[in-house]
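First comes the structure, then the notes that go with it.
Nothing fancy with the numbering, it's 1 onward along the sequence.
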Amino acid sequence: MITEKLEKAFNDQITAELWSSNLYLQMSFYLQKEGWDGCAHWMLKQSEEERDHAVELAGYLAKRGGTAKVSMVDVVPDGWGSVEEVFKHVYEHECHVSQLINELVDVASAEKDKATQDFLWGFVREQVEEEATASSILEKIKKAGAAGLLYIDGSLAKR
Ligand code: MG
């Protein structure tokens with residue numbers, strides 16, 4: 001059985017994952033409108049992945065006797081100036097999410113819940129990948145210039 005404190009922390013993280021999902025969906029809409037179809041596709045997949053994270057957290061909570069809640073999700077930002085600005089935001093947001101996951105591990109640790117810590121290491125590892133991927137795309141965009149951006153857009157369409 002999961003403790004009440006940890007259940008609340010999990011539900012807060014579910015809300016955060018859904019917010020992330022909406023953020024990336026909004027980014028996908030923006031990119032699509034600007035004609036960056038490949039980037040929009042990549043971002044849509046990213047949005048779906050965040051929703052999957054919420055579902056995964058809910059599944060774990062249920063297994064441990066907790067109750068998963070879909071709470072109100074705040075409005076997400078809209079309107080970026082460029083593709084580079086969008087991916088800079090993705091990178092910064094993923095660093096923020098890593099912090100949230102670390103704090104969740106801290107709660108599990110304070111509650112002496114070993115099983116939950118073990119479960120969360122998967123999320124900790126996932127964030128290493130998320131930060132690295134976002135950073136790598138951002139660095140490529142910075143180097144690319146206008147013509148190179150078309151090539152990057154084409155490669156992101158393959159996700
Ligand atoms: Mg996530």
query = Which atoms form the tightest heavy-atom contact between Ala58 and Ala68, and what is the distance?
reply = CB-CB, 3.6 Å
Shortest non-hydrogen contact from Thr116 toward Ala108 = CG2-CB, 3.9 Å
ask   = Just wondering, do Thr15 and Asn11 contact through their side chains at under 4.5 Å, heavy atoms?
value = no
query = Are side-chain heavy atoms of Thr3 and Val107 found at a separation under 4.5 Å?
reply = no
inquiry  = Please enumerate all residues that pass ring-ring contact (aromatic ring centres under 6.0 Å, His included) together with Trp36, with sequence neighbours excluded.
reply    = none
Per-pair distances, 0.1 Å, donor-acceptor, side chain in residues 76-84, under 3.5 Å, sequence neighbours excluded:
{"from": "Asp78", "atom 1": "OD1", "to": "Gln26", "atom 2": "NE2", "distance (Å)": "3.3"}
{"from": "Trp80", "atom 1": "NE1", "to": "His89", "atom 2": "ND1", "distance (Å)": "2.9"}
{"from": "Ser82", "atom 1": "OG", "to": "Glu85", "atom 2": "N", "distance (Å)": "3.1"}

Identify all side-chain donor-acceptor contacts of residues 50-57 below 3.5 Å with residues at least two apart in sequence or on another chain.
{"from": "Glu50", "atom 1": "OE1", "to": "His53", "atom 2": "ND1", "distance (Å)": "3.0"}
{"from": "His53", "atom 1": "ND1", "to": "Glu17", "atom 2": "OE1", "distance (Å)": "3.4"}

task = Any chance you could lay out the side-chain contact (heavy atoms from CB on, under 4.5 Å) test for His41 and Leu156, step after step, and finish with the verdict?
result = CA-CA 7 Å; His41 169 79; Leu156 291 183; over 6 Å; no
task = Could you give me the CA-CA distance, side-chain angles and deciding distance for Asp12 and Lys8, then say whether salt bridge (Lys or Arg N to Asp or Glu O under 4.0 Å) is met?
result = CA-CA 6 Å; Asp12 287 348; Lys8 168 150 192 337; 2.8 Å; yes
inquiry  = Which Ile, Leu, Val, Met, Phe, Trp or Tyr residues join Phe29 in one cluster when any pair of side-chain heavy atoms under 4.5 Å counts as a link?
reply    = Leu25, Leu44
inquiry  = For the backbone of Glu48 and the side chain of Tyr24, can you confirm whether one donor and one acceptor N or O come within less than 3.5 Å of each other?
reply    = no
Donor-acceptor contact present, side-chain Ser155 to main-chain Ile152, <3.5 Å = yes
ask   = Does anything in residues 87-103 pair up under salt bridge (charged side-chain N to carboxylate O under 4.0 Å, His left out), and if so which pairs, sequence neighbours excluded?
value = Lys88-Glu92
remark   = Contacts satisfying salt bridge (charged side-chain N to carboxylate O under 4.0 Å, His left out) that involve residues 138-159 (not counting sequence neighbours) are Glu49-Arg159, Glu139-Lys142
